[in-house]
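Quick note on labels: first sequence line is chain A, next is B, and so on, each numbered from 1.
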Protein chains: 2
Amino acid sequence: MMSREAKKNLTRRALMDAALNLVGEGENFARISLREVAKNAGVVPTSFYRHFRDMEELGLNIVDDLGMLLRKLMRSARQADNYLEDLTQKSIDTYADFVVRHQNHFYFMCQCRTGGTPALRNAIRQELRFFANELAADICQQPSLAKVSQEDLELIAQHIVATVAETTIDLLDLAGTQRNFRHDYTKQLQKKLRLIWLGARVWRSHRQENV
Amino acid sequence: MMSREAKKNLTRRALMDAALNLVGEGENFARISLREVAKNAGVVPTSFYRHFRDMEELGLNIVDDLGMLLRKLMRSARQADNYLEDLTQKSIDTYADFVVRHQNHFYFMCQCRTGGTPALRNAIRQELRFFANELAADICQQPSLAKVSQEDLELIAQHIVATVAETTIDLLDLAGTQRNFRHDYTKQLQKKLRLIWLGARVWRSHRQENV
DNA sequence: CTTTTTAGTGTACAACTGTTCACAAATGTA
DNA sequence: TACATTTGTGAACAGTTGTACACTAAAAAG
């Protein structure tokens with residue numbers, strides 16, 4: 001037999017997974033009904049309330065999931081030697097793998113980052129900001145960025161993360177269908193990141209020039 | 001009296017405006033019902049079908065609206081002298097004004113660009129790509145970008161447009177509430193664009209280096 | 001053991017959903 | 001003038017929605 005708490009966690013996960021699967025199948029999280037989630041989790045609608053007040057709270061818990069995943073991603077990226085040196089190559093591949101492996105979560109992220117309720121959007125924004133700060137802490141050790149202030153470094157990291165997040169929907173949309181799109185995607189994102197990177201290297205903080 | 005066609009166009013606009021207003025009030029387009037739109041347009045639900053097959057078709061027509069707006073924006077930007085030289089200053093202000101003035105449309109854009117149905121997402125993607133191509137045609141005349149290939153120029157333009165679109169939701173979210181957020185937003189976006197711009201200036205196409 | 005707590009069940013309800021259909025009234029056409 | 005077209009109406013439908021309530025069975029606590 002299982003403890004009551006363990007069983008509860010099981011159906012809790014079933015509910016969240018049901019929602020994630022529906023999103024992965026193309027449904028819009030905003031219009032997934034509580035009942036549909038319960039049905040797909042093999043549970044009666046009223047049972048939903050034992051775990052979440054409403055769909056938004058479930059969504060916020062999925063964001064927590066996402067946060068855990070991002071931390072895991074960051075950890076495994078850091079394990080690789082010099083992941084910053086080839087930021088535009090190996091890291092992108094690592095990321096693409098990760099996204100495909102957890103596509104439901106990333107569909108959810110792309111969808112709710114700008115399309116969710118304000119609370120959801122905010123939660124995702126915070127997770128991405130956390131990730132960006134971690135990245136900033138890493139890249140600040142690069143000697144080529146010595147002339148960049150801490151504030152600007154964080155902005156650069158945020159811009160990198162935003163760029164990656166921004167393009168993720170393309171990867172998800174087309175990864176399944178088009179054949180070697182994955183290669184094109186990697187190449188394009190690589191160029192975009194290199195563009196930022198080059199800009200960062202010639203960046204001078206407290207500089208007033210235009211253009 | 002009005003011609004039949006004119007009257008039809010009137011309620012057609014009323015329907016689209018009703019949807020846009022609901023989005024502007026914080027509703028998610030994906031879960032706005034046909035009936036609610038009809039009600040807010042002062043029209044019986046069945047009348048909706050005289051104009052659109054379903055909500056998605058209405059959404060696609062809003063995207064057409066958006067395309068017109070973007071073209072207008074581009075036109076007025078081009079009228080300003082040397083809008084490229086101070087891309088990171090006057091143009092951003094022009095854009096911010098434009099967004100606030102048409103906030104319903106831009107809320108819709110931000111929401112549906114990643115959160116809409118595939119057809120909607122695609123339509124918006126195309127509009128933004130068109131805009132990016134126009135921008136690419138403008139910046140290719142810059143002497144500082146002489147060493148950049150046409151392909152890479154388009155990518156850079158796309159990245160600029162994506163960056164602007166990406167940050168627009170922040171502008172909309174916080175423009176109303178926080179006091180001088182508008183100033184912070186402008187400054188941040190300015191930095192991000194300058195970063196891209198600096199990168200573009202040192203960019204060399206057909207170059208194989210990493211980092 | 002007995003008692004309490006609680007995750008999940010089943011029924012019920014009022015509100016709302018998209019869509020169908022027959023109809024009215026105005027506009028266009030001859 | 002008379003006829004046809006078309007925009008909008010109103011009633012009706014079957015299905016779905018979120019939520020409330022009383023209930024059961026099993027785990028936890030005494």
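A:Ala200 and A:Ile156 make their closest contact through CB-CD1, 3.9 Å (heavy atoms, listed as atom of the first residue, atom of the second, distance).
Between A:His105 and A:His102, the angle of the ring planes goes over 60°, which puts this pair in the perpendicular group of the 30/60° scheme.
Atoms NZ (A:Lys39) and C1' (D:dT17) sit 12 Å apart, rounded to a whole Å. In this structure, B:Phe48 atom CZ and C:dT19 atom C1' are separated by 12 Å, rounded to whole Å. The CG-C1' distance, from A:Asp54 to D:dT17, rounds to 14 Å in whole Å. For B:Lys8 and C:dA25, the NZ to P distance is 21 Å, given to the nearest whole Å. A straight line from CZ of A:Arg50 to C1' of C:dT6 spans 7 Å, rounded to a whole angstrom. The CZ-P distance, from A:Phe52 to D:dT19, rounds to 15 Å in whole Å. Rounded to whole angstrom, the span from the CG atom of A:Leu10 across to the C1' atom of C:dG8 amounts to 14 Å. For A:Leu58 and D:dG18, the CG to C1' distance is 15 Å, given to the nearest whole Å.
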- Message: I'd like to compare against my own output: the B/S/- annotation of nucleotides 11-18 of chain C with a strict under-4.0 Å heavy-atom distance to protein.
- Response: -B----BB
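Looking at B:Tyr107 and A:Thr114, their side chains never come closer than 4.5 Å, going by heavy atoms from C-beta outward. Contact annotation: the side chain of B:Asp173 approaches that of A:Arg121 to within less than 4.5 Å [non-hydrogen atoms, C-beta and beyond].
Judged by the 6.0 Å distance and 45° axis criteria, A:Arg101 is not positioned over the aromatic ring of A:Phe106.
Surrounding CZ of A:Arg125 are more than 12 heavy atoms belonging to other residues, nucleotides or ligands, all under 6.0 Å away.
Taking side-chain N and O atoms only, B:Lys7 has a distance below 4.0 Å to OP1 or OP2 of C:dT27.
Considering only the side chain of B:Pro45, C:dT19 comes nearest among D:dT7, D:dT19, C:dT19. Among D:dT9, C:dG28, C:dT5, the nucleotide with an atom closest to any side-chain atom of A:Arg4 is C:dT5.
Listed by first and then second residue, the ring pair (Phe, Tyr, Trp, His ring centres under 6.0 Å) pairs that reach into residues 27-48 of chain A are A:Phe29-A:Phe108, A:Phe48-A:Phe52, sequence neighbours excluded.
Across the interface with DNA chain C, nearest-nucleotide mapping of A:Arg12 and B:Glu5 shows A:Arg12 to be the residue nearer the 5′ end.
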